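Letters go in sequence order (proteins before strands), and every chain restarts at 1. Keep in mind that this is a model prediction, so the values were computed, not measured.
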There are 2 protein chains.
Amino acid sequence: MATMQDVARRANVSLSTVSNALNNTRPVAAATRARIERAIDELGYRRNVLARGLASRNSRIVALLFPAMENRLAGTALTFVTSAADEARAHGYHLVLWPLADDADAIQELVDQGLVEGVVVMEVGLRDPRVDVLAGSGLPFTMIGRTEHPGELDYADIDFDATLDTAVGHLRSLGHSRIALINGPESSVELAYGPVVRIEQAYRRAMSDHRLDGVVVHSERTVPAGRIAAGQVVVAAPDTTAIIVNNEHAAAGVVTGLTDAGRSVPADVSVISLLSSPEMAAMCSPRLTTLDSPGDALGRAGVRALVARIEKKAPTSQVLLPCTLHAGDSVALARGAGVTDGDTAR
Amino acid sequence: MATMQDVARRANVSLSTVSNALNNTRPVAAATRARIERAIDELGYRRNVLARGLASRNSRIVALLFPAMENRLAGTALTFVTSAADEARAHGYHLVLWPLADDADAIQELVDQGLVEGVVVMEVGLRDPRVDVLAGSGLPFTMIGRTEHPGELDYADIDFDATLDTAVGHLRSLGHSRIALINGPESSVELAYGPVVRIEQAYRRAMSDHRLDGVVVHSERTVPAGRIAAGQVVVAAPDTTAIIVNNEHAAAGVVTGLTDAGRSVPADVSVISLLSSPEMAAMCSPRLTTLDSPGDALGRAGVRALVARIEKKAPTSQVLLPCTLHAGDSVALARGAGVTDGDTAR
DNA sequence: CTGTTAGCGCGTTCAT
DNA sequence: ATGAACGCGCTAACAG
């Protein structure tokens, strides 16, 4: 592997001139620059990332800290990781993966290794020990999700209010008024998992905006749990004509559970799956109507904000992105209403 | 951040003694070691990864090269990435993500940056330009999947022969003999995508081992495509009683397509979904019987082999891992056969 | 067993 | 506009 010294010799200049030409850190005569570039081509030279990082104290490496082996976001998490890596690359950064749960010591150790210039933290909880560690370390970081009181911290999160306005509004426009929510597990609330808590708040607010009462049932993120939850809704509110479900695995179970209870989807009860992807939703029959997570956009926004902060080119970045409605076949007019078909209508 | 020099001063030893204590690269007196460890604790010292990498030429960073935005393995790809990162960490390595398609120049550039000591290549094709680039670079690498002629190259791949023996054998034991395969798209064959090619070969061999004729239909990896493919099977081989489907999205469509054609699953036709995950399969009704991809094991095996090669502690590592049968509700006794219930039987 | 010294490849003064 | 020299934090000879 050629070094910068090799390039310098071949171009008959000093090492520092090569460095300055590459970094545009001081003017270089056009002619010399040309000779340098030629030498670089001929040698196939690339700057050594390690040496550059050591000398400049800018490693151009950022970390993605995410909870290993959790599948809350299973559907979109891969998109998320991929787009984050891609965005980092677009900015000339490498992305390393730190698959860690709330292990403060492990995080501190990785931070202290001095490899990365910043961290993107996925799946941030309302109270998140990882955030405390990072804040204490002084290392730049941005959150995907956000704590209860983000203050001036950077984040990119889902706009739950807008998302539930869309969900409830869509159902309302089709004549539904008995709209239930099947949210993530109660344990998520206790664990201060943001989406579950915020979805519930947003749902209640959206419902009250429409002067409607709500019914909330909690469910684990599995098909059988969703099935049971559907039964609970039917018992608790037999006149329910629409259900908003937080998890797509649960949503699949909800459809089955409704069928068990003698309700057909969407003729009797409409179902909307929150934070899903259309690919997953297509596996159910009927195909679920979804509000898709903006996984790709979140990943990119998080990395972009982090890079901006590292390079001190930007103030606090706090972004909220709504889920987008993706029509399937699980939503229809409420019984007795006389409008149009919601899913197929433009 | 404290440096090794700081530790040395505080422990009243020289820099090199600290280094040697940390790396066990030469004997250090117990007493000295104790003083050093104490100093390290008190200062909260961690070795700087960059400096260590530069001096030793061992960055302890490996890359995961994977096709961005593809969803062939969507179901298990996240597991794969996560477990690879976790395994790397267990060996004291960092894992960086290189989300690149077949962009030889980009790969070469990243390699030349000298950041990583090795690469795990995901989704390797039968003829794969990325493998050529890496082989030419001299950098250690291991493949997930394998080229047509891997030679002495390291790889971890699915054992397609064993997997299709399991699938066909399972169906045979339930009395099925008209067993069709719905494989990935024809384009995958042309593109030399390993799994599609190898699954088809393994299917034909397994069928002929049982002295059976096979029927193969190709399908894109989507629900509607699977639905169409099911129709094609019914037309081409009306007496089919079982279908093995390569992709889980397609598999969901196959169930619908069979229903369209007046065949019920599993009463009339059994369906097995290949290279799936039980979580996805549970979203269908009936719940699909699957042969689950060993995503986690593949990721770990790939990283483990790579680390072994980097540290020169191992010869060629070529691993084949079978998919495991996971019973759902989409497989039953063949009509007219009088054995046992396959899915619920132990 | 321990200390001294020379790099690793590059950014960054300070000169000129 | 360009060179020379120093140092980033650490490993790895080479001494003793």
* To do: Please report, rounded to the nearest Å, how far the P atom of D/dT11 is from the CG atom of B/Asn24.
  => 12 Å
* Asked: Between D/dG9 atom P and A/Arg52 atom CZ, what is the distance in whole Å?
  ->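 My rounded result for the distance is 18 Å.
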Can [X] and [Y] be counted as an ion pair, charged N to O under 4.0 angstrom?
X        : Y        : value
A/Arg127 : A/Glu148 : yes
A/Asp86  : A/Arg300 : yes
B/Arg9   : B/Asp6   : yes

* Structure fact -> On DNA chain D, more 5' by nearest nucleotide between A/Thr32 and B/Leu50 is A/Thr32
* Asked: Taking B/Gln318 for the side chain and B/Leu153 for the main chain, is one N or O donor matched with an acceptor at less than 3.5 Å?
  -> yes
* Asked: Are the side chain of B/Thr17 and the backbone of B/Val13 linked by a donor-acceptor contact shorter than 3.5 Å?
  -> no
* Range on DNA chain C touched by chain B, heavy atoms, distance below 4.0 Å -> C/dC1 to C/dG9
* To do: With the side chain counted from C-beta on, respond yes when A/Arg309 and A/Asp154 share a heavy-atom pair under 4.5 Å apart, and no when they do not.
  =>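 Touching, per the 4.5 Å side-chain cut-off.
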* To do: By nearest nucleotide on DNA chain C, pick out whichever of B/Asn12 and A/Arg47 is the more 5' one.
  => B/Asn12
* **Of B/Glu117, B/Glu311, B/Arg52, the residue whose pairing with B/Asn58 passes side chain to side chain donor-acceptor pair (under 3.5 Å)** =>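 Exactly one pass, corresponding to B/Glu117.
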* Asked: What distance do A/Gln5 atom CD and A/Leu15 atom CG have between them, rounded to the nearest 0.5 Å?
  -> 4.5 Å
Mind listing the N/O atom pairs, protein and nucleotides 12-16 of chain D, below 3.5 Å?
| from | atom 1 | to | atom 2 | distance (Å) |
| --- | --- | --- | --- | --- |
| D/dC14 | N4 | B/Arg26 | NH1 | 3.4 |

* Pair A/Asn20, A/Arg33: side-chain N/O donor-acceptor within cut-off below 3.5 Å -> no
* **Flag for A/Tyr193-A/Glu123: side-chain donor and acceptor within less than 3.5 Å** =>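 A/Tyr193 and A/Glu123 do have a side-chain donor-acceptor pair below 3.5 Å.
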* **Global bending angle along the helix from C/dC1-D/dG16 to C/dT16-D/dA1, which compares the axes of five pairs at either end, to 10 degrees** =>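 About 40°, once rounded to a multiple of 10°.
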